[in-house]
Novice: 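Please read through the structure below; I'll follow up with questions.
Throughout, a chain's letter reflects where its sequence line sits, starting with A, and its residues are numbered from 1.
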2 protein chains.
Amino acid sequence: MGIKERKEREKKRRRDQILTAAIELIEEQGFEKTTMDEIAERAELSKGTLYLYFNDKSTLHQAVKKRGLEHLYDKFLQVIKQDLPGAELVKKMMLTFLNTLTHNAAFTKAMVLYEHIKEGYNKEKQEEPSIVEDCKNIEDELFMIMVRAIQIGIQDGSIKTHLEPKVLALMLSFQMSGMLKFYLSGSHDHAQKILNDNELSIPKLLEEFLEIQFHEKNSPSDNQE
Amino acid sequence: MGIKERKEREKKRRRDQILTAAIELIEEQGFEKTTMDEIAERAELSKGTLYLYFNDKSTLHQAVKKRGLEHLYDKFLQVIKQDLPGAELVKKMMLTFLNTLTHNAAFTKAMVLYEHIKEGYNKEKQEEPSIVEDCKNIEDELFMIMVRAIQIGIQDGSIKTHLEPKVLALMLSFQMSGMLKFYLSGSHDHAQKILNDNELSIPKLLEEFLEIQFHEKNSPSDNQE
DNA sequence: CCCATTTACTGACTCTTGGTCATTCAGTGA
DNA sequence: TCACTGAATGACCAAGAGTCAGTAAATGGG
């Protein structure tokens, strides 16, 4: 009897349906402005039903984030599989990150807005793994893939640094989150103007930055122009 | 007749009183959780009065941010006045930034949470300069002070780079905003663990980072060990 | 000193929205 | 056919942002 399985599938479908509706709306109007009623309407369900699948609005919010992180995780795996110098791998990952985020406003917003979640999340109603926990784990995995790429780069000589791979990865992730904020806040005129004046874009700036990071002075074996 | 002046002063005092109450409460419970009623009570005023001084909650929120930025501006001015190598000036500024932010949770939260403001802020009810505008301006000024410090550093040789001062400043500000996020999200266990394992702290990491940025490979005139 | 006018403030009220729950309905299996 | 399960509903509630008619206080002219 495959009834249990079917029910399982249907449940997952419903969840997805809700999530998709939520993402669409958040993309259009932002998280705050999107009401649970709207999401319900878009998903062609009643509001009460949403609460059968998500504890509350902030959980739904986290689920959006999780979906984005999973997507990113797949992409990162694809990159690390490739047979390229470590430096290239790192660059590709960071570009992938920025690219994914810029083409997925809902996810980006979910990544950056967290006040909601922080406060009062000690509610011990959650004995299950909790989506927040999941997100953290995926983030950690993403980080470790970056570290792995850096290690490869150090091995093959494409990355010269005196820093621990993990420390370097930490720096790079700070850098990414800074750029992210730039993207999110959309029209940060001033910064945009500087980039234009110097015929730069964020990806180019990123490359430039990595260049500096990966060719430290105590490594003279590099091509000097 | 100094009546107008006195009224002016009193009005400013009230505004400050509200702002202070708001900051206290945000510090304690976060922005979302703090209600206008609570702020009113803390400020010993009625809720209606708050709305005589601030258009809405998000404006109040921006005002918190503005206050923090002004504080930061003063600090930055103090730094740039000092007769030190440019590299030192930059370092001091960045440390000041991180320091101020970590010791002022309300301001930090105001800096990072912006969804509120972005959405629907085309309301043309604002013909006055608008606090949002003010914040932007101060941010730009802060940025220009950084640029100034970098220029000094290039001049006195303490900063070696092939990048435009403004571009470098942009990078550094991305870096800062990334670190900021780290601080804000509080217990980012994983990152904290990495720092501990390497006997590092954010300020130390920052120094390390600047070291790399400021001693680029195409400048062999530096001390090599 | 008194009255008219302006200014500052109040808090009861409205409206929106997140979240709940008693009830209904559909599918299942005996 | 009927009892049972659990999925879905939407009327309902509470909280909090924002409003506004009304009140009190300060001001200034007569």
Novice: In whole angstrom, what separates B:Glu32's CD from D:dA15's P?
Specialist: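 Spelled out: CD on B:Glu32 to P on D:dA15 is 18 Å.
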
Novice: Return whichever of B:Thr34 or B:Lys7 has its heavy-atom-nearest nucleotide of DNA chain D closer to the 5' end.
Specialist: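 Here B:Thr34 is the residue nearer the 5' end.
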
Novice: Looking at the side chain of A:Thr35, which of D:dA17, C:dC9, C:dT17 is the nearest nucleotide?
Specialist: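 Side chain of A:Thr35 sits closest to C:dT17.
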
Novice: Indicate whether the side chain of A:Asn99 and that of A:Thr96 have a donor and an acceptor atom separated by less than 3.5 Å.
Specialist: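 Absent: no donor and acceptor within the cut-off.
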
Novice: Compare the minimum distances between each of C:dG18, D:dG18, C:dC9 and the side chain of B:Lys57, then state the nucleotide with the smallest one.
Specialist: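 Ranking C:dG18, D:dG18, C:dC9 by closest atom to the B:Lys57 side chain puts D:dG18 first.
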
Novice: In degrees, rounded to 10°, what is the bend between the two ends of the helix from C:dC1-D:dG30 to C:dA30-D:dT1, using five pairs at each?
Specialist: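 It comes to 10° between the two terminal axes.
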
Novice: Name every residue in residues 36-44 of chain B that has at least one heavy atom under 4.0 Å from any atom of DNA chain C, in order of residue number, or write none if there are no such residues.
Specialist: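 Going residue by residue through residues 36-44 of chain B, none turns out to have a heavy atom under 4.0 Å of DNA chain C.
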
Novice: Report the distance from atom NZ of B:Lys91 to atom CG of B:Leu172, rounding to the nearest 0.5 Å.
Specialist: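 If I round to the nearest 0.5 Å, the distance is 13.5 Å.
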
Novice: Is NZ or CZ of A:Lys204 both nearer than 6.0 Å to the six-membered ring centre of A:Phe209 and within 45° of the ring axis?
Specialist: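 Judged by the rule (NZ or CZ under 6.0 Å from the ring centre, within 45° of its axis), A:Lys204 is not positioned above A:Phe209.
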
Novice: Nearest to the A:Arg14 side chain among D:dA17, C:dT20, D:dA8, which nucleotide is it?
Specialist: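 From the listed options, D:dA8 comes nearest.
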
Novice: Between B:Ser177 and A:Gly178, what is the shortest heavy-atom contact and its length?
Specialist: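 Distance-wise, the nearest heavy atoms are OG-CA, 3.2 Å.
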
Novice: May I have the distance from B:Lys33 (atom NZ) to D:dA17 (atom P), rounded to whole angstrom?
Specialist: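 Rounded to the whole Å, the gap is 13 Å.
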
Novice: Rounded to the nearest Å, what distance is computed from the CD atom of residue B:Glu10 to the C1' atom of nucleotide C:dT6?
Specialist: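 The distance from CD of B:Glu10 to C1' of C:dT6 comes to 15 Å, rounded to the nearest Å.
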
Novice: Check the distance between D:dT19's P and B:Asp56's CG and give it to me in whole angstrom.
Specialist: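 That distance rounds to 8 Å.
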
Novice: Against A:Phe76, only a single residue in A:Arg148, A:Lys92, A:Met146 fulfils side chain to side chain contact (heavy atoms under 4.5 Å, CB included); can you say which?
Specialist: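 Of all the options given, the one that passes is A:Met146.
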
Novice: Could you check how far CG of A:Leu60 sits from P of C:dG18, rounded to whole Å?
Specialist: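 Going from CG in A:Leu60 over to P in C:dG18 covers 11 Å.
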
Novice: Out of A:His61, A:Gln29, A:Arg42, which one pairs with A:Thr34 under the side-chain hydrogen bond (donor to acceptor under 3.5 Å, both in side chains) rule?
Specialist: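 Of all the options given, the one that passes is A:Gln29.
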
Novice: Considering only NZ, NE, NH1 and NH2 on the basic side and carboxylate oxygens on the acidic side, decide whether B:Glu139 and B:Lys65 come within less than 4.0 Å.
Specialist: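 Result for this pair is yes, salt bridge flagged.
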
Novice: Please tell me if the side chains of A:Glu24 and A:Ile39 come closer than 4.5 Å, counting only heavy atoms from C-beta onward.
Specialist: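 In short, these two side chains do not touch, never coming nearer than 4.5 Å.
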
Novice: Using the six-membered ring of A:Phe31, assess whether NZ or CZ of A:Lys57 lies under 6.0 Å from its centre and within 45 degrees of the ring axis.
Specialist: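 Yes; both conditions hold, so A:Lys57 lies above the ring face of A:Phe31.
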
Novice: State whether the number of non-hydrogen atoms from other residues, nucleotides or ligands found under 6.0 Å of B:Glu70 atom CD is greater than 12.
Specialist: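 Yes - once you tally the heavy atoms of other residues, nucleotides and ligands closer than 6.0 Å, there are more than 12.
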
Novice: Measure the distance from CG on B:Leu50 to P on D:dT19 and round it to the nearest whole Å.
Specialist: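 The distance from CG of B:Leu50 to P of D:dT19 comes to 12 Å, rounded to the nearest Å.
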
Novice: Within this structure, what is the CG-to-P distance between A:Leu52 and D:dT9, rounded to whole angstrom?
Specialist: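 Distance check: A:Leu52 CG to D:dT9 P gives 9 Å.
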
Novice: Using a cut-off of less than 4.0 Å, is there contact between a side-chain N or O of B:Tyr53 and OP1 or OP2 of C:dA8?
Specialist: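 No, outside the criterion.
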
Novice: With a 4.5 Å heavy-atom cut-off, do A:Thr102 and A:Phe97 have their side chains touching?
Specialist: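 Answer no - side chains too far apart.
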
Novice: Here's a test for you: under salt bridge (charged side-chain N to carboxylate O under 4.0 Å, His left out), which of A:Asp134, A:Asp16, A:Asp74 qualifies with A:Arg67?
Specialist: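 One option only clears the test, and that one is A:Asp16.
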
Novice: Over all strands shown, is B:Phe54 touching base, sugar-phosphate only, or nothing at heavy-atom distances under 4.0 angstrom?
Specialist: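 Touches nothing.
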
Novice: Which whole-number value in Å describes the distance from B:Lys11 NZ to D:dA26 P?
Specialist: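 It works out to 17 Å between those atoms.
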
Novice: What N/O pairs connect the protein and nucleotides 10-12 of chain D at under 3.5 Å? Give each pair on its own line.
Specialist:
none

